[in-house]
Amino acid sequence: MRIILIGPPGAGKGTQSQHLARSLGIPHISTGDVLRREVSANTSLGQSVQQFISHGRLVPDEVMLKIVQHRLAQPDCASGFLLDGFPRTVVQANQLQTFLEAHNLQLNGAIEIQVETKELLRRLTVRLRADDRPEIIQERIAIYQRETQPLLDFYRHKNQLHVIDGHGTVEKVFHALLTAIDALPNRRQPTAACA
Ligand code: AMP
């Protein structure tokens with residue numbers, strides 16, 4: 001399975017992705033986690049992206065593409081992957097599409113987790129991440145609306161978008177996600193190597 005999870009900050013993508021990846025037996029690729037690891041290890045990549053993350057801004061597309069291409073070429077992606085936090089712009093979505101086509105691979109679907117802004121704000125203010133300060137939260141939500149929401153049309157036009165309600169308990173949302181995933185095309189097709 002090759003699945004993309006899309007949703008605003010606070011929609012529960014991280015938590016749900018972990019459960020889903022375990023249940024589907026595919027790697028969970030969170031670009032936010034990859035970047036945060038680089039920042040804590042103080043690598044040159046980490047140093048170059050730190051300012052973007054701490055201000056809630058998007059890391060440039062070309063940097064993200066290199067990270068994702070490298071990750072998707074790892075052997076564990078041969079069985080598929082769950083992308084959490086990538087793509088986040090239409091440019092990234094096109095780049096991912098080009099990568100997949102070049103490797104003769106197809107996406108099974110993109111799933112949007114919908115949560116009202118009021119609820120996002122409530123959830124994010126009780127989280128303890130450095131980029132969850134109120135002014136940064138507002139910025140990240142605004143960037144999501146401006147840069148990431150156009151992705152929904154990108155995948156809708158390809159008939160690949162599935163929307164689920166992200167309100168309610170983790171279990172309820174997880175169940176809705178599994179139901180959506182079970183209905184995706186090519187559910188049981190064998191997966192080829194990513195690279
Ligand atoms: P996340 O954990 O997905 O909320 O990501 C945390 C931060 O990492 C974001 O606010 C961005 O600064 C950066 N980031 C993660 N994924 C991407 C991406 N696909 N494109 C650009 N920036 C990203």
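The figures that follow rest on heavy atoms only: side chains count, while hydrogens, waters and symmetry mates do not. Position 1 is the first residue of the sequence, and the numbers go up from there.
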- Answer yes or no: is there a side-chain heavy-atom contact under 4.5 Å between H19 and V170? yes
- Task: Check whether the side chains of D165 and Q114 place a donor and an acceptor atom closer than 3.5 Å, and report yes or no.
- Result: no
- V49 reachable from I143 in the ILVMFWY side-chain graph, under 4.5 Å edges: no
- Task: Mark yes or no for whether E139, through its side chain, and E135, through its backbone, hold a donor-acceptor pair below 3.5 Å.
- Result: no
- Within the side chain of H175, is there an N or O that forms a donor-acceptor pair under 3.5 Å with the backbone of E171? no
- Short N-O contact, R123 and E119, less than 4.0 angstrom: yes
- Message: Quick check: do S23 and F174 have side-chain heavy atoms less than 4.5 Å from each other?
- Response: yes
- Message: I want to check something: taking the side chain as every heavy atom from C-beta on, are L151 and V90 in contact at a cut-off of under 4.5 Å?
- Response: yes
- Query: Judged by atom type as modelled, is there a donor-acceptor pair below 3.5 Å linking the side chain of Q92 to the main-chain atoms of L65?
  - Reply: no
- Should R2 and I26 count as side-chain neighbours, where that means a heavy-atom distance under 4.5 Å? no
- Message: Looking at D131 and I137, would you say the former's side chain and the latter's main chain have a donor-acceptor pair under 3.5 Å?
- Response: no
- Do L177 and L5 touch side chain to side chain, with heavy atoms closer than 4.5 Å? yes
- Do M1 and L82 come within less than 4.5 Å of each other through their side chains, counting heavy atoms only? no
- Query: Would you say R71's side chain and V34's backbone share a donor-acceptor pair under 3.5 angstrom?
  - Reply: no
- Message: Within the 3.5 Å criterion, strictly below it, is a donor on E147 or T89 matched to an acceptor on the partner's side chain?
- Response: no
- Message: Please check this pair: side chain of K13 against backbone of D84, looking for a donor-acceptor N/O pair closer than 3.5 Å.
- Response: no
